[in-house]
Novice: 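This is the structure I want to talk about, given as C-alpha cells.
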There are 2 protein chains.
Amino acid sequence: MVDDDGVIDVLAPAGGTVRDLLRALPGGPIDLGATNPRSTPGLPGEHVTGPDRKGWARRQVELVGKGLARRQEMLFAGAKADPGAGRRVLLVLQAMDCGGKDGTIKRVVGAMNPLGVQIRAFGPPTAEELRHHFLWRIRRALPPPGQLGVFNRSHYEDVLVPRVQERAPEDVWQPRYAEIDEFERELTAAGVVVVKAFLHISYAEQAQRLLARLDDPTKHWKYHPSDVDARARWDDYQAAYADLLGRGGTDVAPWHVVPADRKWYRDWAVAHLLRETFDTLDLGYPPADFDIERERERLLRTTGPSKVYGN
Amino acid sequence: MVDDDGVIDVLAPAGGTVRDLLRALPGGPIDLGATNPRSTPGLPGEHVTGPDRKGWARRQVELVGKGLARRQEMLFAGAKADPGAGRRVLLVLQAMDCGGKDGTIKRVVGAMNPLGVQIRAFGPPTAEELRHHFLWRIRRALPPPGQLGVFNRSHYEDVLVPRVQERAPEDVWQPRYAEIDEFERELTAAGVVVVKAFLHISYAEQAQRLLARLDDPTKHWKYHPSDVDARARWDDYQAAYADLLGRGGTDVAPWHVVPADRKWYRDWAVAHLLRETFDTLDLGYPPADFDIERERERLLRTTGPSKVYGN
C-alpha cells in the first residue's frame, strides 16, 4: 500500500483491517483469555518474525503518523469550512497499570502534528467532579471539531473502579452502562467518531514493568505502592474488563482489544486503527470560498518596495 | 556539546546563548529594522553556509526535541513530588500572518512528548470572552505544573489589534501594558517560566507565503481575504510590535526577536531558546517517596502462576 501522496510506503495489515481483527464482539462479557497479549494479529507475514521487526514496526508507526497528520489536517480544514458538521475523532484508551497508555500516546499521537491533537487524562475524580454527574468532566474534555481527541482513561473508569474497589453499590455503577451507551450515540450523532482501545497486557508482563520502575531511579516517580494493591486484584479487574469490553461496545463505537505485551506491536496496531478510522471519513480539502484570481491581484498590489520595518 | 545522556549530539550556538543573542532590550520601542529576518544569529559557523544547512538544522531540532522531552519529564516528575512549587514553562508566540507560529509548534513542540505539552490558540475574542477582563481567557489557558504550555498568539494581541485596527481608544489598551507586566510577574512568582518569541518575517517573505497559499489548493483553507487587509497596514503593525517588544518585556520575561524568513533557522532558534530555558531550572528526578526494597518484596509476592485472564 502506497499512501495517497505517493511517497509514504505503509504495509497494509494482513488478513483484514486491524479494526476487524481486534474488534470485541458486543453482547456480554468477552473471553479476554482468548487474546494472547504477546500475539501480533494483522502484522504483515514477513515481519512477524525477524531480528528487526521491532525497528520495522517503529518506522511504520512514524510513516503512518505522517499520514495521520495529513488526514487530521484535512479533517480540520473541512471542519473550518463546515463547522456545523462537528466532525472529529476521539481515541479512548483503557488499560491495567503499565498497560502502555502513555507510551502509545507518546509514539503514535507524537508522530502527528501537536496542533491537531487534544489529550485529556482522567484520574480519580476530584471533589468538584464528584459533585457532578460522572459524564460532566468527560463532556468538558471533548475535542473541538477538526481535531483528534485522546482520552487517557475515560468514562469507563466509572464502571470499573467503583465496582472492583467496592466503592459504590451495583445499583450505582450498573445503570451507567446505559448512560454511556446513550452518551456515545449522542456523540456519534454530533459528528464524533469514537475509537476505543483496550491495551491488553499479561500478568507476567505487568510484573516486569513494575520491577523495571523500581529498578530505575529515573522511573521511581511513575511508581506508587497502590499499584501492587491493584495488581493483587488482577482477576477482579480482568473480569470487570471482560464485562466492560463486551457490554460497553456498540455498533457505532465498538471496543478493540489490542495485544500489548509487545510495545512495538501495540503502537503499530493503534496507529492502523486510527488510520482506518480516518479513512472512513471521506476526507479532502474544501474548495476556496473566495475568488482566487482576485485575491492574487489584491496581494500583488501590496508588494511594492520594502517598508521601513520589513527589511 | 554532548547532551547529558551522552547519546545526543547537539551543537551549541555560537557567540553566546540564543537567549542572549535574540533578547529584545526593554525600555521603549525597539528598532525592528536592526534585525534582518533572513539572518541566522548563533548558528554554528560551519553550518551557516553549505548546501545541507537546512537538513542539518532540522536534524538538530529533532535532537534538541528529544532532550526537551527528557527535561520536561523531569519537570513533570518534580512537579508531582512538589506540586506546591507549581513549576512549568510557558512559550508565548507572536507573529504577523504567515510568520510561522503553526510551523514552529509542529516542528519544535512536535519533537517533544505530546503528553507533556498543552497548546492554546487565541483568536479574536468571543462574545463571552469580551464580557470578561482581557486576561480572563489567558488565565484559564495556563498549563498545569510540570508541563510546557504554548500560546499561539496571546494576551499581547490585546495591545496590538485594538490599537492598529483602531477598535478601542488608547486609554483602553495603553493601561494594559501595566496589567500585563503585573500579570507576568505574578506568573513568575507562581513558578511559571515565561519565554516570549516574536517570529520576525519580512514584507517580501509574507507575500511569498500568501502567494503559496493561493497557488496550492491544499492550502486554500489557510487563506482569508482579511490577510491582505492586515498586510496593507504592515507599517502600523510593525510600529505597534516595535513598541510591544520593547515595552512588554521585563527582566523576568523578556521578548526575543527570532529572524523567521528561514523556517529551519526559526525552528532551530526556538528549540534552543526552550532548551536554554529548561536548563535554568536545575532539573532532576525526585527520590522515591517509598521503601524500594519493601515494594520489590511486595511485588514479587504477587508474581505467582499466571491467572485465568492473564495468559
Novice: So for Asp216(A), is it side chain, backbone, both, or neither that comes closer than 4.5 Å to the heavy atoms of chain B?
Specialist: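 Neither part.
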Novice: Look only at the side chain of Arg209(B) and the backbone of Cys98(B), and say whether a donor-acceptor pair between them is shorter than 3.5 Å.
Specialist: yes
Novice: With a 4.5 angstrom heavy-atom cut-off, could you sort out which part of Lys80(A) is near chain B: side chain, backbone, both or neither?
Specialist: side chain
Novice: Working to the nearest 0.5 Å, report the span between CZ of Arg70(A) and OG1 of Thr218(B).
Specialist: 9.5 Å
Novice: Side chain, backbone, both or neither: which part of Pro225(B) has an atom under 4.5 Å from a heavy atom of chain A?
Specialist: both
Novice: Under 6.0 Å from the six-membered ring centre of Phe76(B) and within 45° of its axis: does the NZ or CZ of Arg71(B) meet both?
Specialist: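 Geometry flag: not set, cation outside 6.0 Å or 45°.
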Novice: Taking Gln118(A) for its side chain and Ala141(A) for its backbone only, find out whether a donor-acceptor pair lies under 3.5 Å.
Specialist: yes
Novice: Is atom NZ of Lys222(A) surrounded by more than 12 heavy atoms (other residues, nucleotides or ligands) closer than 6.0 Å?
Specialist: yes
Novice: Search all heavy atoms of Ser39(B) against all heavy atoms of Pro259(B) and return the closest pair with its distance.
Specialist: O-CB, 3.4 Å
Novice: Please report the shortest heavy-atom distance between Gln72(B) and Gln147(B), naming the atom on each side.
Specialist: NE2-CA, 4.1 Å
Novice: Against chain A, label Ala81(B) side chain, backbone, both or neither, depending on which of its atoms sit under 4.5 Å from a heavy atom there.
Specialist: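 For Ala81(B), no heavy atom lies under 4.5 Å from chain A.
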Novice: At a heavy-atom distance under 4.5 Å, which candidate from Val109(B), Leu115(B), Ile119(B) has the highest pair count against chain A?
Specialist: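 Highest number of heavy-atom pairs under 4.5 Å: Leu115(B).
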Novice: Does any backbone or side-chain atom of Asn152(B) lie under 4.5 Å from a heavy atom of chain A? Answer side chain, backbone, both or neither.
Specialist: side chain
Novice: Identify which of Asp215(A), Asp227(A), Val117(A), Val150(A) forms the greatest number of heavy-atom pairs closer than 4.5 Å to chain B.
Specialist: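 Heavy-atom pairs under 4.5 Å are most numerous for Asp215(A).
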Novice: Out of Glu293(A), Met112(A), Glu73(A), His224(A), which one racks up the most heavy-atom pairs below 4.5 Å with chain B?
Specialist: Glu73(A)
Novice: In chain order, what residues pass the ring-ring contact (aromatic ring centres under 6.0 Å, His included) check against Tyr241(A), with sequence neighbours excluded?
Specialist: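 Here the qualifying residues are Phe198(A).
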Novice: Is chain A contacted by the side chain of Leu214(B), its backbone, both, or neither, given a heavy-atom distance below 4.5 Å?
Specialist: both
Novice: Among Asp229(B), Asp261(B), Asp291(B), Asp289(B), which residue forms the greatest number of heavy-atom pairs with chain A at distances under 4.5 Å?
Specialist: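 Counting heavy-atom pairs under 4.5 Å, the top option is Asp229(B).
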Novice: Examine whether an atom of Arg120(A) lies under 4.5 Å from a heavy atom of chain B, and if so say whether it belongs to the side chain, the backbone or both; otherwise answer neither.
Specialist: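 For Arg120(A), the side chain is the part near chain B, not the backbone.
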Novice: So which of Arg294(B), Glu295(B), Arg107(B), Arg296(B) has the biggest tally of heavy-atom pairs under 4.5 Å with chain A?
Specialist: Glu295(B)
